[in-house]
Amino acid sequence: MGVDVRALDPAEYRAAQDVFMAALMRPPTTDEQWRVREGTIRQGDVLGGFHDGTLAGTTRLFGSTLRVPGGAAVPAGAVTAVGVRADKTRRGVLTALMRAQLTDAKNRGHVVAMLHASEAAIYGRFGYGAATRARQVRLTIASVKWRDDMPRGGAVRLVDRADAEKLLPELYRRIGTARPGMMERSDGWWRVGFSRHEQRSLYGYAVHSDEHGDDDGYALYHAVPLGGDDIKLQVHDLVAATSTAAAELWRFLTGIDLATEIEAARPVDEPLEWWLQDARQCRTVDVFDDLWVRLVDVPAALHARTFGGSTPVVIEVRDRILPQNDGVYRIGSDGAERSERSPQLVMDVESLGALYLGDVSVSTVAAANRVEVRDPAALEDADAVFTTPRQPWCGTHF
Ligand SMILES: CC(=O)SCCNC(=O)CCNC(=O)[C@H](O)C(C)(C)COP(=O)(O)OP(=O)(O)OC[C@H]1O[C@@H](n2cnc3c(N)ncnc32)[C@H](O)[C@@H]1OP(=O)(O)O
């Protein structure tokens, strides 16, 4: 029996949400949570996969943009709420949904699709590559001593939730998407986020302003009792326009009385260790794949980002789902375009997605046999072409 996929009607969204929550083994969305979420879903965004006439699986795609190396922001489809009923898995429901969604993303003009994966084994077959990483850092507050030469300046103040709901989205819009891998957040994203801040626990909203009094960073955190007298500050969001703002926000967080430790998922190249007198007091407890990127329109995606190196490379790209992307591309610091030349390297669109934001080198992917090297001399050139000065990072959960 095949799988039928169609865009769901708004009246079916709640049922789709239930399928998703059950697939994630989470309790169903409450009526109160649903009232907030419902209004953020646009018609046409939710797909349903039907097996034997039953809604067996679902996925949603909403419009955003993704910052790419060089500074452009490309139209991006953010994929979320993927789930298949446990009694309907491994029958091709997700496959049918992903194919339909990628075609839809292409028709909507999205240059890339992107997601956070619950498991790393799921999305590669659909052309998604792990394009950014994050590291989970933990600091024990009693042992944190900042260096005297750490960047300092400006002031940090706490704001209440009502002010945070106005200030943070505005600040994020202004400063929050500077790094490759960062994405635009919709009003709905913020509404759902703030609605999760329960009254029962402390949520803190700290804003940094520079020496002229202009706001240039914020931290959003949550106090988690650990048992006994121990309290962890879980930092959900820390966005700063300058290293001074970031450093001052970290200094503020580690100065909060009664907190015993801090944990946050951060960019892998944030210079926390460099600010500390004892670098080992910042512990990396995990490094994990963050944003997965799928190039939906390969020529447009390559055109949008800048490349480095002194010698261009010629790469053949293969795409089993969107064959319009198949072809040979010459990529270098002067741009990227289709080419008639014979390829030096051959890769599928998943590997290209992983390389797209500069998180991993071409040599590393080639060493895993995920790039076919036809001209070994091209590998070093390709590393230089794809390399970026800053590690990409998304920092937005969706
Ligand atoms: C962006 C997000 O929302 S992330 C959240 C994703 N959702 C979850 O993790 C919820 C729990 N899991 C599920 O709902 C389902 O198992 C899904 C969505 C992961 C997979 O759905 P299915 O309908 O079973 O996938 P489908 O039958 O199309 O499988 C396609 C292929 O992927 C493989 N596959 C599917 N899920 C997994 C997995 N979790 N691990 C490894 N392989 C997998 C299948 O074996 C199959 O391989 P094949 O083509 O070689 O036979």
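Along the sequence shown, the residues carry numbers beginning at 1. In listed order, ligands and their atoms are each counted from 1.
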Side chains of residues 112-122: which donor-acceptor pairs under 3.5 Å do they make with residues two or more places apart or in other chains?
from	atom 1	to	atom 2	distance (Å)
H116	ND1	D290	O	2.8
H116	NE2	T396	O	2.7

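- No heavy atom of G57 sits closer than 4.0 Å to any atom of ligand 1.
- Which parts of ligand 1 touch G83 is read off a 4.0 Å heavy-atom cut-off, strictly below it: atoms 14 (O).
- Remark: atom 28 (O) of ligand 1 lies closer than 4.0 Å to at least one protein heavy atom.
- Between atom 41 (C) of ligand 1 and the options A23, A121, A120, A78, the minimum heavy-atom separation is to A121.
- Residues W275 and P151 come closest through the heavy atom pair NE1-CD, 3.5 Å.
- Taking the charged nitrogens against the carboxylate oxygens, D269 and R390 have no contact shorter than 4.0 Å, which rules out a salt bridge.
- Applying the 4.0 Å criterion to heavy atoms of H116 picks out, from ligand 1, the atoms 1 (C), 2 (C), 4 (S).
- Across every non-hydrogen atom of W146 and W250, the tightest pair is CZ2-O, 3.9 Å.
- A distance below 6.0 Å separates the ring centres of F386 and F307.
- Residue-level proximity to ligand 1 for V79 is carried by the backbone, the only part with a heavy atom below 4.0 angstrom.
- Under a 4.0 Å N-O distance rule, the pair R91/D87 does not qualify as a salt bridge.
- Heavy atoms of other residues, nucleotides or ligands lying less than 6.0 angstrom from CZ of R14 number more than 12.
- Of the protein's heavy atoms, at least one falls inside 4.0 Å of atom 50 (O) of ligand 1.
- With atom 34 (N) of ligand 1 as the reference point, the heavy atom nearest to it among R125, E119, M98 is part of R125.
- For atom 44 (C) of ligand 1, the candidate residues are R99, M114, R90; the nearest heavy-atom contact is made by R90.
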